[in-house]
Amino acid sequence: MRLPGYISEEEKKYLMHNACAFVYPSNYEGVGIPVVEAMSCGGIVIIADNSSLKEVGGKAAFYIQKTDEVSQLADRMVQCFNLSDADKKKLTVDGENWAAQFSWEKCAHETQTVLEQY
């Protein structure tokens with residue numbers, strides 16, 4: 001295992017884009033920002049099918065049902081590793097398009113709209 005310490009934004013984007021997969025088997029996630037970030041960098045993601053992650057990942061992610069079942073996670077990782085170049089490209093584009101619907105500006109606007117109702 002390598003622990004590189006601090007990495008720049010450019011390095012993070014490179015790593016997320018070029019990794020076989022961004023694996024995020026969270027037991028509970030309130031927002032899922034790392035998933036959106038990985039997708040926006042062109043990364044293929046493997047996430048848990050729980051909390052907000054299903055909504056955040058949409059149809060552009062691979063899912064695991066139980067985060068404590070190592071074999072299920074390993075199967076998804078092998079599946080990502082064995083994707084054809086065409087399938088990788090499709091997932092990358094789908095993920096980037098999906099992630100594009102999330103933004104801080106949109107979040108702020110929708111929050112303001114809700115707050116103005118009260």
Side-chain angles (χ1 to χ4, degrees):
M1 175 192 303
R2 285 189 182 182
L3 299 174
Y6 176 80
I7 59 172
S8 69
E9 284 296 313
E10 293 79 27
E11 291 169 318
K12 180 172 58 173
K13 288 177 184 177
Y14 175 85
L15 291 170
M16 286 186 172
H17 179 76
N18 290 291
C20 178
F22 175 77
V23 181
Y24 198 67
S26 178
N27 284 322
Y28 178 79
E29 186 59 39
V31 179
I33 291 172
V35 174
V36 174
E37 186 174 33
M39 287 179 164
S40 69
C41 294
I44 296 169
V45 300
I46 300 171
I47 55 178
D49 183 7
N50 62 27
S51 63
S52 66
L53 292 176
K54 185 83 174 191
E55 182 180 346
V56 173
K59 294 181 182 177
F62 287 98
Y63 293 94
I64 57 171
Q65 303 303 314
K66 295 184 179 182
T67 58
D68 59 346
E69 287 190 19
V70 175
S71 63
Q72 190 179 85
L73 180 56
D75 289 345
R76 285 288 186 244
M77 292 170 75
V78 168
Q79 185 179 7
C80 286
F81 186 77
N82 290 323
L83 287 170
S84 68
D85 288 342
D87 287 340
K88 286 179 189 175
K89 180 66 176 169
K90 181 180 182 334
L91 278 168
T92 297
V93 170
D94 289 350
E96 289 172 339
N97 289 338
W98 182 256
Q101 74 173 324
F102 300 96
S103 73
W104 287 115
E105 184 177 330
K106 180 179 176 185
C107 177
H109 176 71
E110 290 179 1
T111 301
Q112 180 180 7
T113 300
V114 170
L115 294 175
E116 287 174 347
Q117 295 176 3
Y118 297 100

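Taking the side-chain contact (heavy atoms from CB on, under 4.5 Å) definition, one finds that Tyr14 meets it with Asn18, sequence neighbours left out. For Tyr24, the ring pair (Phe, Tyr, Trp, His ring centres under 6.0 Å) criterion is met by Phe22, not counting sequence neighbours. Listed by chain and residue number, nothing satisfies the side-chain hydrogen bond (donor to acceptor under 3.5 Å, both in side chains) test with Asn97 (two or more places apart in sequence, or in another chain). Contacts of Val23 classified as side-chain contact (heavy atoms from CB on, under 4.5 Å), with partners at least two apart in sequence or in another chain: Ala21, Pro25, Ile46, Leu73, Met77.
Residue pairs meeting the salt bridge (charged side-chain N to carboxylate O under 4.0 Å, His left out) criterion with at least one member in residues 81-97, sequence neighbours excluded: Lys90-Asp94.
Within the model, atoms CG of Leu15 and NE2 of His17 stand 11.5 Å from one another, a figure rounded to the nearest 0.5 Å. A distance of 10.5 Å separates NZ in Lys66 from OG in Ser71, rounded to the nearest 0.5 Å. Atom CG in Asn50 sits 9.5 Å away from atom CD in Gln65 (nearest 0.5 Å). From Asp75, atom CG reaches atom CD1 of Ile64 across 10.5 Å, with rounding to the nearest 0.5 Å. Taking NZ of Lys59 as the reference point, atom NZ of Lys54 lies at 10.0 Å (rounded to 0.5 Å).
When all heavy atoms are compared, the tightest approach of Leu53 to Ala48 is CB-O, 3.4 Å. The two atoms that bring Ala38 and Met16 nearest to each other are CA-SD, 3.5 Å, heavy atoms only. In this structure, Val35 and Gly57 approach most closely via the heavy-atom pair CG1-CA, 4.5 Å.
Side-chain contact check for Glu55 and Ser52: no donor-acceptor pair (N or O, by modelled atom type) lies under 3.5 Å.
Under the 4.0 Å criterion applied to side-chain N and carboxylate O atoms, Lys13 and Glu10 are not assigned as salt-bridge partners.
A side-chain donor-acceptor contact under 3.5 Å links Trp98 to the backbone of Val56.
Leu83 and Ile47 fall into different hydrophobic clusters, where Ile, Leu, Val, Met, Phe, Trp and Tyr residues are linked whenever their side-chain heavy atoms come under 4.5 Å apart, directly or through other members.
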Throw together a table of side-chain donor-acceptor distances under 3.5 angstrom for residues 104-111, partners on residues two or more places apart or in other chains.
from   : atom 1 : to     : atom 2 : distance (Å)
Lys106 : NZ     : Gln101 : O      : 3.2
Thr111 : OG1    : Cys107 : O      : 2.8

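Residues Phe62 and Val45 form no side-chain contact, since every pair of their non-hydrogen atoms from C-beta on lies 4.5 Å or further apart.
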